Structure formats: structure tokens, C-alpha cells
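Quick caveat, the model's predicted, so the values are computed rather than measured.
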Amino acid sequence: DAIWLDWLGRQGGTHPGHDALRQAEYGDPFEIRHDGAIVDADGREAALLSKAGREIWIPRVKRQLKLRLIAAVRELADASSRPPEYAEKLQVDEWFTAVWEARWRA
């Protein structure tokens, strides 16, 4: 519940985050910014922390938290598990969310 799973799905198809996760490879570095955005090495916003995620992770950003991509997961707008009130806000049929490993910078 730390990442807003539908956030990138609510962004238009030309949003740079779609390319960021589509092109990402295992082990690629990402960073949590102080505003809760998760960005790739080029600064493209690929995800956004949920309200609960911001409360947990933003304080840790100050302590040099480092993320690396473990997997990109394809999300589908018409997934049967997606409540209609969320699905109607989506702007794309599919998008990626991600699984990251978090470590303290050495």
C-alpha cells in the first residue's frame, strides 16, 4: 500500500513515466524525491507514493535511501479486480507498476 498503483494509469500515454518503466531493466536505480515521486536516473516520474507510503518513506529519504528495480509489473485497466470507480479514471489500457528493493546508500 506504499505505492499508488493506478497513478501512472491515470497519466496520458505520452507521460514519460510510461517509457521509464517500459525501458527499465532489473537493477536500474530509482530515487524517491521529497514530494513522494519515484523517478528513474533520468528524472522521469515513474510512480508516486500513496499517502501511507509518504508517511513511511519520506522521512527515510533524508537518510540516503537507494532504490533498485526488481520487476516491472504490467497493469491492465480492465482487470476484474479493479473497482469501476478507479477504472473510469484511467487514461490508458495498460501501464507498468514496479517492485523495488530499498537500501541505505553506502
Side-chain angles (χ1 to χ4, degrees):
D1 65 346
I3 297 174
W4 182 5
L5 295 178
D6 288 352
W7 177 81
L8 194 54
R10 293 181 183 202
Q11 310 309 309
T14 60
H15 187 282
H18 292 292
D19 285 339
L21 285 178
R22 193 178 303 115
Q23 297 166 358
E25 296 182 5
Y26 175 83
D28 281 354
F30 283 79
E31 177 182 335
I32 300 174
R33 290 192 322 213
H34 293 284
D35 63 358
I38 300 175
V39 300
D40 70 358
D42 293 328
R44 298 180 291 186
E45 291 183 355
L48 188 67
L49 293 174
S50 65
K51 181 179 178 184
R54 286 191 306 271
E55 290 173 7
I56 294 168
W57 292 101
I58 295 298
R60 296 174 182 180
V61 170
K62 297 173 186 170
R63 292 185 278 166
Q64 301 296 310
L65 185 68
K66 179 181 177 182
L67 300 179
R68 75 179 182 119
L69 184 71
I70 299 299
V73 180
R74 189 173 68 147
E75 296 282 342
L76 300 173
D78 62 358
S80 60
S81 62
R82 192 170 317 286
E85 63 269 19
Y86 294 115
E88 66 189 23
K89 296 176 183 175
L90 299 172
Q91 293 189 33
V92 294
D93 293 331
E94 68 177 49
W95 67 96
F96 287 91
T97 57
V99 177
W100 287 282
E101 174 184 72
R103 292 186 177 202
W104 305 119
R105 289 188 181 161

Return the minimal non-hydrogen interatomic distance between Ala102 and Leu65, and the atom names on each side. CB-CD1, 3.8 Å

Taking all non-hydrogen atoms of both residues, which atom of Val61 and which atom of His34 are closest, and how far apart? CG1-CE1, 3.7 Å

From Leu8 atom CG to Glu94 atom CD, the distance as rounded to the nearest 0.5 Å: 11.5 Å

Measure the spacing between CG of Leu90 and CD of Gln11 and express it to the nearest 0.5 Å. 10.5 Å

Considering all heavy atoms, the nearest Phe30-Ala46 contact: CE2-CB, 3.9 Å

With a 4.5 Å heavy-atom cut-off, do Trp100 and Ile38 have their side chains touching? yes

Ignoring hydrogens and geometry, is there a side-chain-to-backbone donor-acceptor pair from His18 to Val92 under 3.5 Å? no

Check Asp6 with Arg82, please: is the shortest side-chain N to carboxylate O separation under 4.0 Å? yes

Given 3.5 Å as the limit, does a donor-acceptor pair link the side chain of Thr97 with the main chain of Leu5, or not? no

Indicate, with yes or no, if Ile58 and Trp4 share a hydrophobic cluster defined by side-chain heavy-atom contacts under 4.5 Å among Ile, Leu, Val, Met, Phe, Trp and Tyr. yes

Pair Glu45 + Arg33: basic N to acidic O under 4.0 Å: yes

Validation row: Asp93, Asp78 side chains within 4.5 angstrom (heavy atoms): no

What pair of heavy atoms forms the shortest contact from Trp95 to Leu76, and how long is it? CZ3-C, 4.1 Å

Which pair of heavy atoms, one from Asp40 and one from Ala20, lies closest together, and at what distance? OD2-CB, 3.5 Å

Using the rule given for side chain to side chain contact (heavy atoms under 4.5 Å, CB included), can you reason through Ile3 versus Leu48, listing the C-alpha separation, both sets of side-chain angles and the distance that settles it, and then say yes or no? CA-CA 6 Å; Ile3 297 174; Leu48 188 67; over 6 Å; no

Roughly how far apart are His15 NE2 and Arg44 CZ, rounded to 0.5 Å? 11.0 Å

Testing the basics here: between Arg10 and Gln91, what is the closest heavy-atom pair and its distance to 0.1 Å? O-NE2, 2.9 Å

Same cluster for Ile70 and Phe96 if Ile/Leu/Val/Met/Phe/Trp/Tyr side chains link at under 4.5 Å? no

Single-linkage hydrophobic cluster, 4.5 Å side-chain cutoff, Ile56 and Ile32 together: yes

Please tell me if the side chains of Glu31 and Lys66 come closer than 4.5 Å, counting only heavy atoms from C-beta onward. no

Is it the case that atom CG in Asp19 sees more than 12 heavy atoms from other parts of the structure closer than 6.0 Å? yes

